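Step one of this worksheet: look at the structure below.
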2 protein chains.
Amino acid sequence: MAESQNKRDLAYARTKINFDVKDMTNFLHGGEANVEQRRYIIDLIAKDPVFNKDDWGWLNHTDAVKRGIAMSTRLAEIKMEHDLNDLDFATMMEAIDDTLPIVLHNGAFIPVITSQGTEEQIEKWIPPAEKYQIIGCYAQTELGHGSNLSQLETTATLVKETDEWEINSTSFTAAKWWIGGLGALCTHAVVQARIFIEGKDYGAHVFVVPLRSLDDHKPFPGIEIGDIGPKAYNGFNKMDNGFARFNKYRIPRENMLMRFSKVSKEGVYTKPPHAKLAYGSMVLLRSVLIKQMALYLSRAVTVSTRYLTVRRQFNNPTSRNDSDLNPGLETQVINYPMVQNRLFPMIAQSYALFAAGAVMMDMYIGLMTGLSSGNIGALAEVHAMSSALKSYCTTFAVAGVEESRKLMGGHGFSYFTGIAHLFASTVPSNTYEGDNYVLTQQMARYLLKEVKTARTNPDQVTPYSKYLLLGLNKSAFARSTCSVALPEDWLSPAVQLAAFEHRCARLAYELSDAVEQGGLDTANPKTWSDHNIECYRISHAHAQYVMVLWFIQAVRDASNPETDVERRAEPASIKVLERLSNLHALHTIQTNLVDFVEDGYFSPAQCQSLRAQVKNIVASLADEAVGLVDAFDHPDFLLNSALGATDGDAYKRLWDKAQSEPLNRREVCDGYEEYIRPLLKKHGEFKL
Amino acid sequence: MAESQNKRDLAYARTKINFDVKDMTNFLHGGEANVEQRRYIIDLIAKDPVFNKDDWGWLNHTDAVKRGIAMSTRLAEIKMEHDLNDLDFATMMEAIDDTLPIVLHNGAFIPVITSQGTEEQIEKWIPPAEKYQIIGCYAQTELGHGSNLSQLETTATLVKETDEWEINSTSFTAAKWWIGGLGALCTHAVVQARIFIEGKDYGAHVFVVPLRSLDDHKPFPGIEIGDIGPKAYNGFNKMDNGFARFNKYRIPRENMLMRFSKVSKEGVYTKPPHAKLAYGSMVLLRSVLIKQMALYLSRAVTVSTRYLTVRRQFNNPTSRNDSDLNPGLETQVINYPMVQNRLFPMIAQSYALFAAGAVMMDMYIGLMTGLSSGNIGALAEVHAMSSALKSYCTTFAVAGVEESRKLMGGHGFSYFTGIAHLFASTVPSNTYEGDNYVLTQQMARYLLKEVKTARTNPDQVTPYSKYLLLGLNKSAFARSTCSVALPEDWLSPAVQLAAFEHRCARLAYELSDAVEQGGLDTANPKTWSDHNIECYRISHAHAQYVMVLWFIQAVRDASNPETDVERRAEPASIKVLERLSNLHALHTIQTNLVDFVEDGYFSPAQCQSLRAQVKNIVASLADEAVGLVDAFDHPDFLLNSALGATDGDAYKRLWDKAQSEPLNRREVCDGYEEYIRPLLKKHGEFKL
């Protein structure tokens, strides 16, 4: 029966796996307790009808926002009912699989007040916010302005007479724009505005601003407010990204958050003690993004790995074939080496992202522990690292989501893959929380400082920049070459790391030299902006280096009896993890090969043997692929994919989904009498 | 006034252009008459209210298909009213900017009958089809099967008794799937089905199949038919991609198209004289795609170039700045070198695509002229060329559309850029008409044959494969290096072409050697599939080579007084075109640099000077960018972009678009009473 060939193919693939999927799942998610808790939370969402996803493909923005509000309020209720912590809340959002009008209430409104408000302000606003008696959002971006706080056009002018601030949008380009939750749901906003006291500009500060009446939800007089309209690819469709324009709108003076800067009743301004303390929250947002990318990319490759296992196309001989088993059937698409070489490196990248997400979160926690005891030593490095990784990881993970979709060929263009929705929700991560190009300047600036340190105090270079010491002896460095002689030498982590370190060191010193020379060139002086392409290169190179390093370390730790049991794995799993780690390292090198070749570090023969080695490792993973994606443990509710469900029954599900298309409720389409019939009859009737 | 700073910025940029935009437009579109005709046709569509795009962002699939039907029938009427030719029809589709249920009527239904039907069949079906008394689609793909005709599950069994075919879908995976026009609109389909005569399988053949009654549009008994549901990214939203399942459905024997294969009343099957004549239509489809990619990518860069000229962000010094002119304003984003280096190469690629589209279409016409006189000599090369170019061009052009969107940062995620819609309509081109990976095997197979020819009859190698002669002397070839000594040497077309030729020759011989050796390796024999990664590499390398060559030739021809006046340009335009051609060639090299370095053809110093030269050319285009995109001559109706309109008034348009959001018609959102109010009041009222 053709109906179940799909299921048989996937079931058969599962018989070939050479490791215990459950063990791998526990390794990925940090232990069995985490796995259980994640399943419990996802199930909590899955069984609530408001989160049902069956009709999402047909919602327009109007219907979607209403749904988003219904989902938001239910989410708030569940959070209160179950008293869930941040990790569980994140899992709920993962399960819900869409951004909602309420997310910035917990994600920004409460944290900003908590971190920038005084004790009295926290006392006033947080308890009602925790109980959702007020619902807030975070309003920084304006129609004409983004990340550059000093140029915001929204002003807050102190009115001493009434002890108030007058919030004003100086023109329509000053309108707050893109603000999630603002368009329909929120009663309050935390608003960034430049303060003016007696004509003097003191720069941007933060205010709690009531937006809508708690009696009837109508916007207060003096505020023009609304939704900014639909987004690219139907992304963020349930989100009421909104605008607000203030016309001399008054709020009490105490609504300015005054933990750091203060303004007294008399108009006296007091500066904050330390300007960079707000960096912590940006580090958190970026660190969380790394972990999310692991979840997103792994979802996409789960769908495509399963579908490509059951999809058959053409009768081509491939070295891995099931024609004995299934004579007459076409070749499983996953057996084509081209497909494996596109897909399996993304599986390896997903595993590397799980490792990187965990390390980055540890770094963040370490930073916060330090900061709380007044130690800001780690701030610069962790800030740079989170910036570099955010830029690199969101770039390749989102591209990987789309690549997974395209791997599925024709059916990949159906909404029912579930992957198009995922891409639409994740692609803005490339441009928000710091544009991925602009952001790379952070790591470049940091490394330029480290280059100076390497030259002056080499023992003070931080561990992740130690590679800079390689470049101190310029002539020796220029002569250094990769040690690989035999193909299997590529499988040595030391060889891999040495290659990445060499490349990072070279790019860092080249940037440093160019910056120094550019300043000296008085005829044609270079600005910092002239070096931004090189900043991008070194930042991504550094991110790739630490990603490779962290994955290698995670696999090493997994077999170390001294490691916490949650991060350990069985020998059969380790064997596959080592192959994934090798693939991740070598494929990353291959994708950026010119960086390793153009200064002679790799020889032509090494390039050839590297490519061959990548192909070998890819081929060696063919029997494990389905197990490796099963191990991500993404339930069908989360995948929401006709093509990638656990049982593999892709065609049956596509068929069933098509039957649910609302157009098919009518035998003759809407528009026949009005449009089609007049055209067909225009030149008289045709007789069959 | 902030309201008009946007417009002022774009107007000022236009004062800096150093060539005549109108002259460039005429060069791009092949002469003034073409430009005028294109404008006339676009205007015809623009002024018809059914093609208005204002509410597209809010249509769900149900509403969109109804709109698609209304647009389809109006399109048919306009075509008949104005008796438009194929080129004008293509321009109408460009202006309409979406695929419609009716497009395969003219795009496939009529051409297939015309090319594969007998005189009688053409006489019977084409006149009513031309008058839209019947409307048809093309049904090949099935739920479980794609391009592999020999494995289609739809059967047509000859029933001699009644002189009929019985069309049958052997299981639900045999259902025709994805068929545009099938879901709602069409009365007929051309159906691919495998014929069985007295139990014997004669392979796939083509049938005209009536689907819906001409009286009431109801599907005929025996046909289960419907829409397959929404597509990725809301793409093809107005298209009724449909399914059809046949249950022993009978049609007359004469409905099989019998120009080539024939089946008599007695059940005698006659084979076609030549199996490959159908390739012509595939070549046409792929050649048209190249030209479309020129129009699409140029639209995307038009929008982002204009928006990035008016968008200002941060106050960073850049070498090109307007701070004297506009003190206090932020830096225009387009002045950042990083942005220029991402954007301007795509402008150059757009120009190269215009040139390639024209050459490819000439090749197609040459091929058809040859075929009509029985000369199939050019078929293999043109087929391979159109495959290689389709794969390469649709890959980079669609990626460029998305890159243009991301270049615009935050606002780039708005639906109102117009670019998201463009990406959603164009991205399936990567997987249809031959998947971009699978398709590259065509060029690889062709070049392998040419390698053999080079070795045996070197004077018979076709002009585009002449580079293979370079590799005949293996040791000399291995020692050859790039001749560049000074930075300006990179600007020589001969140097550029030599580099591409060297790379293609190397990759072709490497593939040839690997295929030969793989066959000899009896312990571990290689299948063709094992070489597909290398097929992809050489096919894209060859496509890049001819793209570079054709653009160089087009610019050369433009200054040649012997060239037709339509393809000539003024000296000021030529000067800029030469820079674009250099940028296109050198940026393509830079993007694939490892291919030129790994065998020692480029030295480390050459890599450095190449990168520097690319940056130089990019910087030299800064004053021309707005003129270069204006020259594409895309009217605002076509762009449908708040950010990229001709006058540059981006913020005003975004503001106005937001005001048209249907959610904003209500002061309090739908869902307040039902969801929000109960949540806010759950723990008692909060008093401000």
Side-chain angles (χ1 to χ4, degrees), chain A residues 2 57-58 60 62 66 69-70 73 128 131-133 143 148 171-173 184 217 226-234 314 316-318 336-338 409 413 415 420 428 431 435 527 529-530 532 593-594 597-599 604 607 651 655 658 661-664 668-672 675 679 683 686, chain B residues 2 57-58 60 62 66 69-70 73 128 131-133 143 148 171-173 184 217 226-234 314 316-318 336-338 409 413 415 420 428 431 435 527 529-530 532 593-594 597-599 604 607 651 655 658 661-664 668-672 675 679 683 686:
Chain A
W58 293 276
N60 64 16
T62 314
K66 186 174 179 188
I69 288 171
T73 54
K131 285 184 280 183
Y132 298 96
Q133 294 169 304
L143 177 50
N148 187 6
S171 93
F172 78 92
T173 59
H217 213 58
D227 183 285
I228 64 162
K231 271 78 64 175
Y233 312 137
N234 252 0
F314 294 110
N316 288 323
T318 54
Y336 290 110
M338 182 86 235
F413 192 51
Y415 174 82
T431 39
D435 175 89
T527 66
S529 305
D530 288 316
N532 287 357
L593 195 51
V594 71
V597 184
E598 63 177 339
D599 70 337
C607 293
Y651 297 146
W655 174 269
E661 164 59 52
L663 288 167
N664 297 337
V668 172
C669 64
D670 199 13
Y672 168 66
Y675 305 113
L679 179 67
H683 292 94
F686 178 71
Chain B
W58 293 276
N60 64 14
T62 313
K66 186 173 180 190
I69 288 171
T73 55
K131 286 184 280 183
Y132 298 98
Q133 292 169 305
L143 178 53
N148 188 6
S171 91
F172 78 92
T173 59
H217 212 59
D227 183 285
I228 64 163
K231 272 78 64 176
Y233 312 137
N234 250 2
F314 293 110
N316 289 323
T318 56
Y336 290 109
M338 182 87 235
F413 192 51
Y415 174 82
T431 39
D435 174 90
T527 67
S529 306
D530 287 316
N532 286 355
L593 195 52
V594 70
V597 184
E598 65 177 336
D599 71 337
C607 294
Y651 296 147
W655 174 269
E661 164 58 52
L663 288 167
N664 297 337
V668 172
C669 64
D670 199 13
Y672 168 66
Y675 304 114
L679 179 66
H683 291 95
F686 178 70

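A, B, ... follow the sequence lines: proteins, then strands. Residue 1 opens every chain. Reckoned from all heavy atoms, side chains included, excluding hydrogens, waters and symmetry mates. None of these values were measured; they are calculated from a predicted model.
- Looking at A:P317, both its backbone and its side chain come within 4.5 Å of chain B, counting heavy atoms on both sides.
- Counting heavy-atom pairs closer than 4.5 Å to chain B, the top-ranked of the candidates A:N316, A:D530, A:N532 is A:D530.
- Residue with the most contacts toward chain B among A:P230, A:G671, A:A420: A:P230 (heavy-atom pairs, distance under 4.5 Å).
- For chain A, the option among B:T431, B:N148, B:N60 with the highest count of heavy-atom pairs below 4.5 Å is B:N148.
- The greatest number of non-hydrogen atom pairs below 4.5 Å with chain B, out of A:F413, A:Y336, A:Y415, is found for A:F413.
- Both the backbone and the side chain of A:Q133 come within less than 4.5 Å of a heavy atom in chain B.
- Between A:E661 and B:G229, the shortest heavy-atom distance links the atoms OE1-CA, 3.1 Å.
- Ranked by heavy-atom pairs under 4.5 Å with chain A, the list B:H217, B:K131, B:M338 is led by B:H217.
- With respect to chain B, the highest number of heavy-atom pairs below 4.5 Å among A:P662, A:G226, A:G57, A:A658 belongs to A:A658.
- One distance of note links OG1 of A:T73 with OH of B:Y672; it measures 12.5 Å at 0.5 Å rounding.
- The CD1 atom of B:I228 sits 10.5 Å away from the CG atom of A:N664 when rounded to the nearest 0.5 Å.
- Across A:P337 and B:S529, no two heavy atoms sit closer than the pair CG-O, 3.5 Å.
- For A:N234, the part lying under 4.5 angstrom from a heavy atom of chain B is the side chain only.
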| task | Show the numbers, then the answer: is there a side chain to side chain contact (heavy atoms under 4.5 Å, CB included) between B:Y675 and A:K66? | result | CA-CA 9 Å; B:Y675 304 114; A:K66 186 174 179 188; 4.2 Å; yes
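- With respect to chain A, the highest number of heavy-atom pairs below 4.5 Å among B:T62, B:D599, B:D435 belongs to B:T62.
- Between B:Y233 and A:Y233, the angle of the ring planes lies from 30° to 60°, which puts this pair in the tilted group.
- In this structure, the portions of A:D227 lying under 4.5 Å from any heavy atom of chain B include both its backbone and its side chain.
- Proximity to chain A involves both the backbone and the side chain of B:Y132, based on heavy atoms less than 4.5 angstrom apart.
- Of the two parts of A:F314, the backbone and the side chain both hold a non-hydrogen atom closer than 4.5 Å to a non-hydrogen atom of chain B.
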